[in-house]
Participant: 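Have a look at this one before I ask anything.
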Amino acid sequence: NAGVMQNPRHLVRRRGQEARLRCSPMKGHSHVYWYRQLPEEGLKFMVYLQKENIIDESGMPKERFSAEFPKEGPSILRIQQVVRGDSAAYFCASSPGVGSYNEQFFGPGTRLTVL
Amino acid sequence: GENVEQHPSTLSVQEGDSAVIKCTYSDSASNYFPWYKQELGKRPQLIIDIRSNVGEKKDQRIAVTLNKTAKHFSLHITETQPEDSAVYFCAAAFTGNQFYFGTGTSLTVIP
């Protein structure tokens with residue numbers, strides 16, 4: 001049973017470019033969470049999605065950031081017109097869903113570097 | 001929203017000693033409290049969790065205690081080993097919702 005998959009593992013972008021991060025949840029998991037971790041800091045919640053629905057995006061900046069979890073395929077976190085402050089590790093986590101256990105299983109992360 | 005505070009930010013112990021990390025939370029609705037271990041450059045790994053209907057949980061050398069009245073919970077690691085060295089994060093959540101993480105504790109176990 002494969003764990004949470006993220007790609008790419010490392011991503012380098014120049015200022016103004018777009019970054020697209022992908023997350024495939026564990027098999028059978030329908031809930032995806034994205035977190036951002038700045039160097040030597042904790043994990044900050046960004047957005048919580050279920051298939052085709054954004055449940056909570058209160059942690060995501062209003063501009064330049066968007067997320068989706070389509071019916072088919074991975075969840076995508078998209079950052080437009082990246083700036084140096086976007087450099088961080090982006091982790092996604094998945095869980096089976098509400099009503100079941102809360103455990104969230106993390107992917108290996110995507111380390112974004114903005115030059 | 002929820003606010004989780006974690007102390008200490010760094011902790012050094014001699015191999016074989018115990019380590020204790022403490023967290024407080026603000027939202028009394030939170031009912032799930034996981035602890036994650038993150039090694040350098042790796043993903044956070046769940047090591048133990050506790051739900052609000054339980055006061056204590058133990059798994060070999062690791063234990064977690066929860067005081068709902070005071071809104072604090074703690075991680076206890078006994079007989080520490082060098083491989084326990086990592087950053088530990090506590091978190092609080094309400095069923096099915098996002099985790100609110102503490103700022104992390106960097107634990108160093110000195111051989």
Side-chain angles (χ1 to χ4, degrees), chain A residues 2-7 9-10 21 23-26 29-50 53-60 67 75 88-111 113, chain B residues 1-10 21 23-25 27 29-54 57 59 64 66 73 75 86-108:
Chain A
V4 180
M5 310 286 283
Q6 286 187 252
N7 69 81
R9 296 290 307 277
H10 300 274
L21 290 60
C23 170
S24 297
M26 285 180 70
H29 287 192
S30 58
H31 292 225
V32 167
Y33 308 79
W34 285 93
Y35 296 87
R36 177 163 65 177
Q37 187 174 37
L38 293 169
E40 300 190 13
E41 291 192 12
L43 294 139
K44 299 289 188 190
F45 165 75
M46 298 182 74
V47 61
Y48 164 29
L49 309 106
Q50 296 176 22
N53 281 308
I54 296 175
I55 306 303
D56 184 344
E57 54 183 350
S58 59
M60 199 157 66
S75 175
Y90 292 83
F91 290 94
C92 81
S94 72
S95 74
V98 176
S100 61
Y101 290 119
N102 283 84
E103 289 97 333
Q104 291 183 19
F105 299 88
F106 280 80
T110 294
R111 279 150 187 84
T113 302
Chain B
E2 176 64 275
N3 181 45
V4 178
E5 296 190 357
Q6 183 173 346
H7 300 281
S9 57
T10 60
I21 303 171
C23 289
T24 61
Y25 62 99
D27 190 346
S30 291
N31 59 4
Y32 177 66
F33 307 92
W35 286 88
Y36 284 82
K37 175 183 180 182
Q38 187 178 30
E39 297 176 355
L40 189 64
K42 302 285 183 63
R43 75 183 78 191
Q45 299 263 25
L46 178 70
I47 56 171
I48 196 167
D49 57 11
I50 191 167
R51 289 176 175 80
S52 58
N53 59 348
V54 176
K57 183 176 178 180
D59 182 5
V64 57
L66 171 64
F73 56 113
L75 177 71
V87 179
Y88 291 80
F89 292 98
C90 64
F94 179 69
T95 304
N97 289 342
Q98 70 273 21
F99 290 179
Y100 293 91
F101 282 90
T103 48
T105 296
S106 177
L107 173 65
T108 302

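Below, chains carry the letters A, B, ... as their sequence lines are ordered, and counting in each starts from 1.
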Participant: At a 4.5 Å cut-off on heavy atoms, which part of B:Y100 comes close to chain A: side chain, backbone, both, or neither?
Facilitator: neither

Participant: If you compare all heavy atoms of B:Q98 against all heavy atoms of A:Q104, which two are closest, and at what distance to 0.1 Å?
Facilitator: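 Result for this residue pair: CA-NE2, 4.2 Å.
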
Participant: Who among B:G41, B:A91, B:A93, B:G102 has the most heavy-atom pairs with chain A under 4.5 Å?
Facilitator: B:G41

Participant: Report yes if some heavy atom in the side chain of B:Q45 is under 4.5 Å from a heavy atom in the side chain of A:F105; otherwise report no.
Facilitator: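 Side-chain contact under 4.5 Å: no.
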
Participant: Compare every heavy atom of A:G107 with every heavy atom of B:R43, then report the nearest pair and how far apart it is.
Facilitator: CB-O, 3.1 Å

Participant: I need the minimum non-hydrogen distance between A:F106 and B:P44, along with the two atoms involved.
Facilitator: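 Between these two residues, the closest heavy atoms are CB-O, 3.7 Å.
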
Participant: Any heavy-atom pair between the side chains of A:E41 and B:T103 that's under 4.5 Å?
Facilitator: no

Participant: Give the ring-plane orientation class for B:F99 versus A:Y35, where under 30° counts as parallel, over 60° as perpendicular and anything between as tilted.
Facilitator: tilted

Participant: Hey, are A:Q37 and B:Q38 close enough side-chain-wise for a donor-acceptor pair under 3.5 Å?
Facilitator: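 Yes, side-chain donor-acceptor contact under 3.5 Å.
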
